[in-house]
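This report concerns only the one structure given below.
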Amino acid sequence: MTQSLSKAALRGRPGASDWAPRLARRPRPLEALIQAGLLGAGAVSILTAAGIMITLGTESLTFFKDVSLWEFLSGTVWQPSVGQFGILPLLSATLGTSLWAMAVALPLGLAAAIYLAEYASDKARGILKPALEVLAGVPTVVYGYFALTVVTPALRAVFGGERVEVYNTLSAGLAMGALILPLVASLCEDALSAVPRSLREAAYAMGATKLETSVRVVLPAAFSGVAAAFILALSRAVGETMIVALAAGAGPKLTLNPFVAAETMTGHIARISGGDLSYDSVDYKSLFAIALLLFMMTLVLNLVSRRIVRLRQEVYE
Amino acid sequence: MSGRPDPSRAGFDDRLDERKAKAGRWKAAFLAAASLAVVSLAVLVLSIVDDAFGYVVIRYAVNPAELTDGRELAELTDGELLELLQAQAPARRLRALEREAPLAGRGHDELLSLIEAEILKPEIAAAYSLAESLFDKRRIVEESKAEFPDGYLSFRSWLSPSFLGSSLNAKPLSTGVLTAIKGTFLTILVAMATALPLGVAAAVWLEEYARDNWLNRLIQASIYNLAGVPSIVYGMLGLAVFVRLLAPLSSGAVFGLAAEGMEANGRTVLAAGLTLALLVLPVIVISTQEALKAIPSTLRASSLALGATRWQTVWHHVLPASAGRVMTGAVLALSRAIGETAPLVVVGASTFLTQDPTGIFSPFTTLPIQIYQWTSRPQPEFRHLAAAAIITLLGLMLILNAFAIVARQKARAKGNPS
């Protein structure tokens, strides 16, 4: 570029108007090539998304030739060895562990977010925020270890060893709550901090206490952001694997008792796919059907969450 | 405001104390919830440290004191050690060892470990946690004497140089994480080498080139939605595509590089690394997009005004100026990839390896996989190994993060035009 410029200058061309059009018209095959490459890199994401849907879809289709969709969705027994493929035991365990995790992470995460956004001094934030970030960065398999070596013995000590099994969904759910808490706290804090200051000042001017301002003015104003955070947290809990694989137990079981072992959808996929598996067996295909259901559940939750966030942006801009 | 009671404030003042008290109670509750993060982090760290150190009772097949008449094994000369080995070990094993390498030519440490493996055969009879070892030593001493009269009580750090430097084997006393560390490095290398250029390129396309049309909206929408897909679903994708469909490629058979007997086995470092690459790609794209958005448009305009082409503008001005933020995103992606377990379980990390991985076509295990394996074993000694492996993993993450932060600082210093 600079070369062609100086050449033009050396030859004593009269003005810019003379060479500028030529420069613009010059064919630049390398630029076009680079652009194509960049577009290709962008297309990898489409291919990945398509790849997920196609692999899950085709394998599930062959699975549903052997097992009817109704049988899959309404069956109460999951026993591949005798050809029973009812998703309900796995689904109930997934929802059970997720609900326990939500029961821990939502109230505590929201309370922590209110403290961080409305009350905390810079010094307190300097301690609490990094702690939350570190907690969020700890690999999930470590939380699985935590559930098995700390939470489960504690539960057995409190509720009695004969009532609480070594592997149980409550322990997995509580550890998952600790995993999700930082996510809820940081998303809720963002939502609360985005509320304009004028709202708080108006509330104070009316004589409201800090609590009343935070809970009755700021929180409702940030409602959509908080709701989006909750839904995102649920999606994360449903897809979480390592904690439930370690602490919730092996073997699908339809139960509402949080003290007994029950395998979740993700836990089942992890256990079966880790072993030796024939690629043509129904067992192998059934894993893709489970993964497809899991994918659709999290996709819907994520879409709903993003829609809610977008609504909020429309209100405040 | 003045001392005279104001009739309009009567109802307000009556409830003021109560309202203030309520506000105080809730403030305490909010603080408690926020502090819970610090508390749970502390409990997490303590429980790991608690299991990584502590007393163990070791029993030997042959009593080491009888073997050497009370002298320490390490004090013996090489000749004496060799004599001992030849006298005690079964002849068949000796011949096998001799065939591997002449016994006489082996060093002191190697002879010691041979004697341990072939003659002493130590086994863990009981293992205690650090808290028990510190505060309840008397009970441990009494208990171990009563239950294991022939056992040796000693303090053991499960995390040790030999743990870090030994390959995986089935014996809890001599196994190590070297195999897993090598596997982790190799998979991360493949994942980052693939995802970083692809992710940055995709972000540059979306921010610097893309027009607002259906194709680019589709790209953006798939990136946002991929970011929320559970990691185990990526594992299923990897299993179907990289392990099964592309087995000849991921086993290295296409290049004639497949390990022996592994021609049709796609469960390799390459398959795992590519799976992780797809997993962290959205993280890199989104963070790079944020970085590019933060670059003022005047920078682009001035470059274009001087006659630079679009790519020259991006390559020489926009990318260097945003390098610091791009690196931050890369660090996030790296941390995520190192700790990821579920997709690798599905893609098929080998549960037990006898050889360290040597390249991208090797079967592999990684640190998180090893932690998962050891934690799920019922025998208590494996839980201590898991704790030591967790400390190793967290330490590794810390070191890599520190490296990346230094690199980011450098990139920032370089990229800043000021």
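Keep in mind that this is a model prediction, so the values were computed, not measured. Lettering of chains follows the sequences in order, A, B, ..., and the numbering in each one begins at 1.
Only the side chain of A:Ile114 has a heavy atom closer than 4.5 Å to any heavy atom of chain B. For B:Leu281, the part sitting under 4.5 Å from any heavy atom of chain A is the side chain, from C-beta outward, and nothing else. Residue B:Leu198 touches chain A through both its backbone and its side chain, counting heavy-atom pairs closer than 4.5 Å. Using a 4.5 Å cut-off between heavy atoms, B:Ala227 makes no contact with chain A at all. Neither the backbone nor the side chain of B:Leu245 has a heavy atom closer than 4.5 Å to any heavy atom of chain A.
Remark: A:Glu59 engages B:Arg244 in a salt bridge, criterion side-chain N to carboxylate O under 4.0 Å. Using a cut-off of 4.0 Å between Lys/Arg side-chain N and Asp/Glu carboxylate O, A:Glu31 and B:Arg310 are scored as not salt-bridged.
Contact of the A:Leu38 side chain with the B:Trp311 side chain is registered, since non-hydrogen atoms from C-beta on lie closer than 4.5 Å.
In this structure, OG on B:Ser376 lies 7.0 Å from OH on A:Tyr167, to the nearest 0.5 angstrom. In this structure, B:Leu237 CG and A:Met53 CE are separated by 11.0 Å, a value rounded to the nearest 0.5 Å.
Among the candidates A:Ala43, A:Ala291, A:Gly40, A:Ser45, the residue making the largest number of heavy-atom pairs closer than 4.5 Å to chain B is A:Ser45.
Side-chain contact of B:Tyr224 with A:Asn302: a donor-acceptor pair under 3.5 Å is absent, judged by distance alone.
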